[in-house]
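Notes for the one structure printed next.
This structure is a prediction, so every number in the text was calculated from the model and none was measured. Every number for a ligand or one of its atoms is a count from 1 in the order of the listing.
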Amino acid sequence: MSLRALCLLASSLLLPMSAIAQTVPDKTSPYYAAQKAAVEAALKRAPNTGRAKNVILFIGDGMGINSVTAGRIFAGQMKGKDGASYVLSFEALPYTAFSKTYSSNNLVTDSANGISAITTGFKTINGGIGVDDTVKGGVCADAATHVQTIAEQAKLSGRSIGAVTTSGITDATPAGTYGHTSTRGWRADGDLPAEAVAKGCVDLARQLVEAPEAVRLDVAMGGDLEAFLPETKGGERKDGRDLTAQWLKQKNAKFLTGKAALDALDTRTAGPVLGLFSKGDLPSPVDHPQDVPTLANMTDKAIDLLSREPDGFFLLVESASIDKWHHKNNAHRALTDVDELAQAVSVAMAKTNPEETLIIITADHSHGLVLSGYASRETPVDGVAKDKTGGVYSILSYATGPGGHDHEGELTAAETQNPDFTNPSLTKMPSAAHGGEDVPVYASGPQAYLIRSTVESAYLYQVMKRALFDVAAKAK
Ligand SMILES: [Zn+2]
């Protein structure tokens, strides 16, 4: 008999029944009481089985569980609070699941298939957007391979639709609302090979602006100004097209290039809005860029614009820079963007009625970030810890990426807490590889109760479709 079994036997023989009953503690504490109240709140929760007037899909690009945990601690500590117990806005939502993100041809997905599976219900190859899994990368995909996105379907149902992101608006995730391509890199005309052009394929910037009106975005905000302007106007288009001028041909359409213009926008009267606030991706808020809106600013205005439609709206909001900075092993800026996402979710929650708005927050894939023990609870999460032999290590490190582990001399907290610090990585490579583990999903609103268990990423499409189209609206 093992020692543990002996102890259990001895305790069961020695303890009278009354003592066993006291294994439920009679002590309490604010922490204990809060957990008790959380269970009581969960017991009162009734599933919302109704129709969703609106759906807001938030993507934390590359936001795996470790990004959420480290991001929560970082956000709390940056606000002068206890990081470990801090709660990001979306963590308070009632329903969660795990999502399996692999693509039709890879164990680990890129952002193209990552979003496409969620917005179309079909997994495709890495690099594919709005297409099925029969396409070949680099080869123009014919129309038979195209699959409608949830945004296009929402527009056809009478709703207004939008996409806002901190990446370029022709990057993979926002293109998951309007794009159909085998090859995510075809963002401006100069990116397409002659064979693809000959077969009739067009770049994603043109797809956004030239989509049939019946499925065209009403609001699009992010970066990538250069993909919309000809070289003669400071852009990178070789075909001489000015897509911003084309956009402005729509009734009451607006084209914005700065935060001041976005702040001044009259959202009660504006028609379709295209906001391109930088070339390429938007800069990090850590660097205090001038005249660039935050994700929360863009989300706020997008909801004001889209919610004018009485039939409701679909909005995709992407915090893209989580991924962009993880690729550089820059945990400080990546985790800053987890909080940017949380703030955008707070704005959406404050501006919408939870009874009629399905809100989903998830990631398209993870990243190889690790949060390693055993620093004291007060230690800054971007600081250092000591192992038992006195060796100092960075609490945050990566599986892959430019950081490497050839640091000379002892790491210091001052070094690792510098926003420009490149966190260490096990395998050195120019750009960190995505992580392949399941990612979290958080949800509230109509049909959100179906977000549970371990699901395929494409399952989220089915939940949004059901919420928007398949259940009857409640009689008023
Ligand atoms: Zn990435």
Side-chain angles (χ1 to χ4, degrees), residues 57-68 70-71 99-119 123-129 137 163-177 179 181-187 191 204 222-224 278 280-284 295 316-338 340-341 361-370 396-403 422-423 425-440 457:
L57 171 63
F58 287 90
I59 301 291
D61 202 305
M63 188 180 73
I65 277 283
N66 285 348
S67 293
V68 175
S99 166
K100 296 158 72 173
T101 61
Y102 66 94
S103 68
S104 67
N105 64 340
N106 267 249
L107 289 178
V108 180
T109 190
D110 75 323
S111 290
N113 164 73
I115 187 64
S116 196
I118 298 170
T119 55
K123 284 205 179 187
T124 182
I125 60 168
N126 278 15
I129 301 167
V164 304
T165 179
T166 52
S167 71
I169 194 71
T170 67
D171 206 349
T173 304
T177 58
T181 182
S182 65
T183 310
R184 60 179 288 180
W186 294 348
R187 296 169 65 163
D191 301 322
L204 286 164
D224 271 0
S278 72
D281 302 325
L282 301 195
S284 168
L295 190 64
L316 173 99
V317 178
E318 183 201 23
S319 187
S321 306
I322 301 168
D323 172 76
K324 307 289 178 197
W325 293 106
H326 275 330
H327 276 300
K328 298 179 159 92
N329 289 168
N330 184 311
H332 186 103
R333 285 185 178 78
L335 298 183
T336 297
D337 276 83
V338 173
E340 291 291 302
L341 177 69
I361 298 95
T362 189
D364 45 358
H365 56 76
S366 184
H367 254 283
L369 176 73
V370 186
L396 298 174
S397 63
Y398 288 86
T400 62
T422 305
N423 292 73
S425 70
L426 177 62
T427 303
K428 194 163 184 168
M429 53 173 80
S431 175
H434 291 168
E437 83 276 15
D438 300 350
V439 296
S457 52

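- The closest donor-acceptor contact from the side chain of Asn423 to the backbone of Asn330 lies at 3.5 Å or more, if one exists at all.
- Contacts of Asp191 classified as salt bridge (Lys or Arg N to Asp or Glu O under 4.0 Å), with partners at least two apart in sequence or in another chain: none.
- Rounding to the nearest 0.5 Å places CG of Leu107 at 14.5 Å from NE2 of His434.
- Here Asp224 pairs with Arg187 under the salt bridge (Lys or Arg N to Asp or Glu O under 4.0 Å) rule; sequence neighbours left out.
- Around the Zn ion (ligand 1), the protein contributes the following N, O or S atoms at distances under 2.8 Å: Asp323 OD1, Asp323 OD2, His327 NE2, His434 NE2.
- Listed by chain and residue number, nothing satisfies the salt bridge (Lys or Arg N to Asp or Glu O under 4.0 Å) test with Asp323 (two or more places apart in sequence, or in another chain).
- The backbone N or O of Thr124 sits less than 3.5 Å from a side-chain atom of Ser104, completing a donor-acceptor pair.
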